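Accompanying notes for the structure given below.
In what follows, every heavy atom counts, from backbone to side chain, and hydrogens, waters and symmetry copies are set aside. The model shown is predicted, which means the values in this text are computed figures rather than measured ones.
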Amino acid sequence: MGAFSYHAAGMVVLFMLALLKMAAAGSPPFSCAPGAATQGYAFCDARLPVEQRAADLVARLTLAEKVSQLGDEAAGVPRLGVPPYKWWSEGLHGLSFWGHGMHFDGAVRAITSFPQVLLTAAAFDEKLWYRIGQAIGTEARALYNIGQAEGLTIWSPNVNIYRDPRWGRGQETPGEDPATASKYAVAFVRGLQGPSPTTLQTSACCKHASAYDLEEWNGAIRYNYDARVTAQDMEDTFNPPFRSCVEEGMASCVMCAYTSINGVPACASSDMLTKTFKGDWGLNGYVSSDCDAVALMHDAQRYRATPEDTVAAALTAGLDLNCGNYTQVHGLAAVQQGKMSEQDVDRALRNLFAVRMRLGHFDGDPRGSALYGGLGAGDVCSPAHRALSLEAATSGIVLLKNDAGTLPLDRSAVGSAAVIGHNADDPAALYGNYFGPPCEYTTPLRGIQGYVENVQFLAGCDSAACDVAATGQAVALAGSADYVVMFMGLSQRQEQEGIDRMSLLLPGKQQSLITAVASAAKRPVILVLLTGGPVDVSFAKSNPKIGAILWAGYPGQAGGLAIAKVLFGEHNPSGRLPVTWYPEEFTKVPMTDMRMRADPASGYPGRTYRFYQGSTVYKFGDGLSYSKFSRQLVTGNRAPNTNLLAGLTATPAADGGASYVVEEIGADGCEQLKFPAVVEVQNHGPMDGKHSVLMFLRWPNATNGRPVSQLVGFRGQHLKAGEKARLRFDVSPCEHFSWAREDGKKVIGAGSHFLRVDKDEYEIRFEP
């Protein structure tokens with residue numbers, strides 16, 4: 001979302017909107033209530049399909065009333081009992097201060113703050129993602145029921161691909177892998193919206209479509225950046241999470257991004273908004289712009305000559321709602337000047353009102369809802385939600401290094417501990433961006449103090465920037481304590497919306513401080529990194545005086561307790577990195593180069609584990625445990641029926657190979673190609689714990705645009721020490737073995753494909 005609010009000219013129209021809002025202030029809070037004058041109207045009849053009801057309501061509005069609905073703060077229509085509505089609310093990892101729809105100044109003054117999304121993604125647990133979405137949706141509906149919310153449309157999740165490690169908003173995403181982001185999108189959206197597609201708990205909005213992953217870098221700014229993206233990369237990297245959001249998650253909204261794609265602003269692309277989202281994918285809902293994106297199409301991108309032309313370009317392309325007031329200010333004139341028709345406005349409003357009706361807004365008092373009417377203040381910050389926040393944090397924490405069993409610590413053997421680091425006792429380090437007021441919070445320092453009586457604390461740095469470091473004091477403190485735990489990393493001043501990093505190194509004097517403390521400590525120190533994005537900590541990885549490294553993301557309200565539980569062995573870490581950690585030399589690659597695939601001829605290394613051909617600090621999927629686990633790939637009870645391809649023509653490729661076009665195989669053929677694969681996992685001890693198994697596909701080579709490897713799926717299982725389990729993966733060659741050609745067509749290559757779990761492989765061949 002945008003960090004600013006655009007106020008355009010057009011005082012006459014703004015005055016009209018103000019009058020409408022003032023009139024609405026005296027209207028009943030719930031339209032279509034028993035006894036209301038509108039009771040006999042079709043839009044009040046809950047027995048009718050929402051499409052019919054929405055069309056009836058739109059037909060009763062004047063043109064001015066229609067235009068007043070096109071912004072995120074929609075005016076009321078008192079004569080029809082239509083209350084004002086605020087579309088913009090956020091629920092990325094808990095309800096948020098950002099947006100206009102929620103407020104925390106009544107009976108409820110705090111909400112459950114879950115870990116920032118990238119840490120939650122590291123759990124590789126779809127059920128966990130669903131439950132977090134469900135909890136956020138429950139708290140949103142509860143606030144609405146008690147009058148502390150003026151909308152139920154939650155503009156989350158962010159499912160953009162974390163393409164470049166410097167991106168300030170990568171922390172908000174499920175990471176760099178399209179398959180993982182897609183699974184996250186489906187689970188979170190289903191949880192947020194609730195079990196009924198016709199009676200929504202809240203409305204989810206998947207953002208920001210598409211190929212958006214730059215804030216401000218080297219003069220390129222998201223507000224006018226033109227991303228040059230190939231059809232190949234769009235199809236198999238950038239679009240899959242949005243497609244899954246709509247087709248499988250049944251999301252009721254997609255948000256278009258600020259950026260242009262190949263010369264066309266995302267919010268003015270009929271190919272994307274109408275043909276793809278609403279046509280090919282079947283979006284049952286609305287398309288919203290990012291905040292002020294329509295205004296920026298005119299003011300920053302100069303896409304159209306006048307405001308009226310700009311509004312018309314967006315709405316005729318398929319946009320339904322503008323976050324901001326630009327369409328409300330200029331929409332009436334755009335129709336009057338013939339730039340767009342009233343029917344274009346009607347189409348948008350039918351989509352908008354249909355979503356509001358699915359939320360129960362025109363069925364009388366929504367507190368009478370059989371599904372959600374009973375929710376109230378007691379359902380916010382409930383014991384179950386607090387426990388879920390802790391579970392999410394502990395499940396996501398990633399153990400990256402653990403030399404000589406540095407961890408877990410034996411609390412009875414820790415006589416004294418030095419806690420050093422600017423992130424150790426800073427509540428802001430727990431939340432990341434898009435947060436709300438937490439029910440409670442535990443900083444890492446407080447978490448450790450719950451396990452050790454004698455704890456000495458020193459921030460060490462003046463801030464995450466670490467322009468000033470108290471190295472001498474830190475060295476003295478480290479030398480006096482039995483154990484040293486350092487809490488270093490980043491803050492929202494280095495990475496957030498509007499800010500990309502220029503370096504992957506720890507800022508300022510952090511590295512020298514860590515090294516000095518490690519040299520002075522009696523035992524190898526423990527380094528805990530609180531960051532959103534990856535950092536180059538090669539120095540710490542190779543330093544024997546640094547015994548353990550944990551990545552804890554921005555871990556939410558229970559983050560300090562979660563970290564302490566991991567440090568002291570009450571939780572066996574099971575998180576796996578959802579992004580590649582690159583070395584500092586990667587910053588030589590321009591952020592504006594959108595290519596995913598490597599180009600060895602020019603020295604371009606590619607991006608993400610699927611295409612990158614360079615050195616790494618840590619790899620996608622890395623993560624250690626306190627237990628030793630073994631994994632063995634076991635073939636399923638049947639192999640894929642490759643004879644199904646016998647009647648198809650394989651297209652020759654440049655390297656002498658061949659491939660089959662997935663859409664020519666057809667839905668039935670793809671279904672018949674599916675087969676099971678099983679991985680046997682054993683926990684050899686010494687601790688009970690959860691283990692996440694990631695199954696990949698690799699090809700003999702990465703020619704013709706094939707990835708180096710790609711994720712097939714993931715499964716997790718909690719195992720007692722000594723216990724075995726068999727985890728089943730349902731493999732779909734059309735989905736898991738395919739990649740995109742240069743024209744964007746998905747294909748399956750003839751020849752060998754290798755399912756891989758660690759170093760264990762199983763070969764499958766498709767003969768041309």
Side-chain angles (χ1 to χ4, degrees), residues 42-43 45-58 69-70 72 74 85 87 89 91 130 133-134 137 140-141 151-157 159 182 184-210 239-256 267 269-289 315 317-323 343-363 366 369 371-372 667:
F43 73 81
D45 190 344
R47 297 168 299 179
L48 297 176
V50 293
E51 295 80 9
Q52 182 178 344
R53 297 174 65 194
D56 177 71
L57 176 53
V58 172
Q69 302 298 307
L70 293 175
D72 69 279
Y85 185 74
W87 287 89
S89 294
Y130 174 86
Q134 188 178 46
R141 178 62 79 155
L152 284 168
T153 36
I154 310 296
W155 287 352
S156 302
V159 292
S182 296
Y184 180 89
V186 172
F188 186 86
V189 166
R190 287 178 175 175
L192 198 63
Q193 293 195 157
S196 171
T198 57
T199 307
L200 299 175
Q201 175 175 246
T202 65
S203 164
C205 191
C206 296
K207 62 186 186 184
H208 315 78
S210 183
N239 272 353
F242 294 99
R243 182 171 192 158
S244 295
C245 256
V246 174
E247 291 186 344
E248 298 177 63
M250 305 296 289
S252 45
C253 170
V254 175
M255 177 180 288
C256 50
C267 293
S269 171
S270 60
D271 184 66
M272 189 163 67
L273 276 53
T274 297
K275 180 181 181 298
T276 302
F277 298 168
K278 298 178 179 180
D280 297 343
W281 299 349
L283 172 65
N284 180 18
Y286 70 102
V287 176
S288 173
S289 78
L315 263 71
L319 188 74
D320 300 309
L321 183 76
N322 169 43
C323 179
Q343 288 69 37
D344 293 318
V345 179
D346 290 352
R347 182 263 312 149
L349 295 194
R350 287 194 294 269
N351 292 333
L352 296 175
F353 280 117
V355 168
R356 289 181 64 178
M357 288 168 178
R358 290 164 66 192
L359 289 165
H361 288 179
F362 296 89
D363 299 339
S369 164
L371 278 176
Y372 310 117

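- C205 meets the side chain to side chain contact (heavy atoms under 4.5 Å, CB included) test with W155, C253, M255; sequence neighbours excluded.
- Under the side chain to side chain contact (heavy atoms under 4.5 Å, CB included) criterion, T199 pairs with S196, L371, Y372, not counting sequence neighbours.
- Sequence neighbours left out, not one pair with a member in residues 348-362 passes salt bridge (Lys or Arg N to Asp or Glu O under 4.0 Å).
- In this structure N284 satisfies the side-chain hydrogen bond (donor to acceptor under 3.5 Å, both in side chains) test with no other residue, sequence neighbours excluded.
- Remark: R347 engages D320 in a salt bridge (Lys or Arg N to Asp or Glu O under 4.0 Å) (not counting sequence neighbours).
- With sequence neighbours excluded, the residues that form a ring-ring contact (aromatic ring centres under 6.0 Å, His included) with F277 are W281.
- Scanning for side-chain hydrogen bond (donor to acceptor under 3.5 Å, both in side chains) contacts around S252 gives Q193, S203, with sequence neighbours left out.
- A search for ring-ring contact (aromatic ring centres under 6.0 Å, His included) contacts involving Y130 returns nothing, not counting sequence neighbours.
- For D344, there are no salt bridge (Lys or Arg N to Asp or Glu O under 4.0 Å) partners, not counting sequence neighbours.
- Judged as a ring-ring contact (aromatic ring centres under 6.0 Å, His included), and not counting sequence neighbours, the contacts of Y184 are W129, F188.
- Take D45 and apply the salt bridge (Lys or Arg N to Asp or Glu O under 4.0 Å) test, not counting sequence neighbours, and it matches R47.
- Listed by chain and number, the residues in a salt bridge (Lys or Arg N to Asp or Glu O under 4.0 Å) with E248 amount to none (sequence neighbours excluded).
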